[in-house]
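Worksheet: one structure, shown below.
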Amino acid sequence: VAVSHRYVLCEVVSEDPRCRQCIEDRAVGLAVRDAIGQVHGDYGLACCSISFTVKYLNAYTGTVLLRCRKDSYWLLCSALPFIRQLENRNQRYPCALNTLHVGGTIRTCQKFLIQYNRRQLLMLLHNCASEEERQCVQKSLLSCSLTEEQPESGDEEDDGSTE
């Protein structure tokens, strides 16, 4: 029997962007598990722990991709706002996890992230103060593009994917 998963794309929001570079995927996983345990108790923690993993963490951009089972992703999503800090090597970093997208495949999350980053760059472009700043943002904006590929098989649907 195939097990369906959901992928939750989050953004680490903190006042000091340098603290994101100190965060590891293990710290994010522990903080999420603690939040689920606090909000939903042992039942919620058991449901989410079955196949919960931190699939991707980019410390520079603060992007986190979490995977959990399809039938319990709402437990994960409802616990994320209760995360107020991440702890790594006995250092506590005040931050929050902002949910950006919930998808059925990693690819749909990647596509969303490209469009999201493009929108963020457009907002930066409108807020540029100098022409040099504007040219740097335009160069970044032109470098992020999404090329359409033909799906090789039927594993691109959002509800029945397996991994």
Side-chain angles (χ1 to χ4, degrees), residues 3-129 133 136-137 140-141 143-144 146 158-159 161-163:
V3 177
S4 296
H5 293 101
R6 284 292 173 258
Y7 297 89
V8 181
L9 183 65
C10 301
E11 175 183 40
V12 177
V13 180
S14 66
E15 293 178 11
D16 185 14
R18 290 177 292 164
C19 79
R20 289 191 302 210
Q21 297 175 1
C22 301
I23 297 170
E24 295 176 351
D25 56 347
R26 183 172 175 257
V28 173
L30 289 174
V32 170
R33 283 188 177 95
D34 288 345
I36 293 170
Q38 289 174 355
V39 174
H40 299 292
D42 291 338
Y43 172 76
L45 187 58
C47 288
C48 289
S49 293
I50 292 172
S51 67
F52 172 77
T53 57
V54 178
K55 293 298 280 184
Y56 175 74
L57 171 68
N58 188 331
Y60 296 104
T61 62
T63 305
V64 180
L65 186 65
L66 308 172
R67 183 188 78 176
C68 67
R69 291 183 62 157
K70 181 181 176 181
D71 55 353
S72 61
Y73 82 94
W74 60 274
L75 293 169
L76 171 67
C77 291
S78 64
L80 289 178
F82 293 96
I83 296 173
R84 295 286 169 228
Q85 66 184 4
L86 296 175
E87 188 173 339
N88 189 25
R89 297 185 184 142
N90 297 325
Q91 291 282 337
R92 291 187 176 163
Y93 303 102
C95 62
L97 289 180
N98 181 23
T99 302
L100 299 175
H101 180 73
V102 177
T105 63
I106 294 176
R107 178 175 261 174
T108 59
C109 292
Q110 288 173 334
K111 288 180 181 181
F112 173 83
L113 190 58
I114 289 170
Q115 294 302 320
Y116 176 78
N117 287 337
R118 183 170 246 185
R119 285 191 303 268
Q120 295 294 94
L121 286 171
L122 281 173
M123 287 179 18
L124 282 174
L125 186 63
H126 291 298
N127 296 331
C128 287
E133 221 180 311
C136 288
V137 172
S140 297
L141 188 62
S143 70
C144 71
L146 180 65
D158 278 339
D159 21 333
S161 65
T162 60
E163 182 148 317

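- The nearest pair of heavy atoms linking Asn88 to Ala27 is CB-CB, 4.3 Å.
- Between Val54 and Val28, the shortest heavy-atom distance links the atoms CG2-CG1, 4.4 Å.
- Taking all atoms of both residues into account, the shortest heavy-atom contact from Ala35 to Ala79 is CB-O, 3.6 Å.
- Taking both residues in full, the closest heavy atoms of Cys48 and Ser72 are given as SG-O, 3.6 Å, listed atom of the first, atom of the second, then distance.
- Among all heavy-atom pairs drawn from Leu66 and Cys10, the shortest one is CD1-SG, 4.2 Å.
- The distance from the OG1 atom of Thr108 to the OH atom of Tyr7 is 9.0 Å, given to the nearest 0.5 Å.
- Rounding to the nearest 0.5 Å gives a distance of 4.0 Å between OH of Tyr93 and SG of Cys22.
- To the nearest 0.5 Å, atoms CG (Asn127) and CG (Leu122) are separated by 11.0 Å.
- For Tyr73, the OH atom is loosely surrounded, since the number of other residues' heavy atoms within 6.0 Å does not exceed 12.
- Here the side chains of Glu15 and Pro94 are not in contact, with every heavy-atom distance at 4.5 Å or above.
- For Tyr116, the side-chain contact (heavy atoms from CB on, under 4.5 Å) partners two or more places apart in sequence, or in a different chain, are Glu11, Leu100, Phe112, Leu113, Arg119, Gln120.
- Note: His101 NE2 to Leu65 CG = 9.5 Å, rounded to the nearest 0.5 Å.
- What you find for Arg33 and Ser49 is that their closest heavy atoms are NE-OG, 4.1 Å.
- Looking at Asn98, Leu97, Val39 one by one, the single match for side chain to side chain contact (heavy atoms under 4.5 Å, CB included) with Leu80 turns out to be Leu97.
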>> Under the criterion side chain to side chain contact (heavy atoms under 4.5 Å, CB included), I'd like the reasoning laid out for Leu30 against Glu87: C-alpha separation, chi angles, the key distance, then a yes or no.
In response: CA-CA 9 Å; Leu30 289 174; Glu87 188 173 339; over 6 Å; no
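- In this structure, the separation between CG on Leu57 and CZ on Arg26 is 14.0 Å, given to the nearest 0.5 Å.
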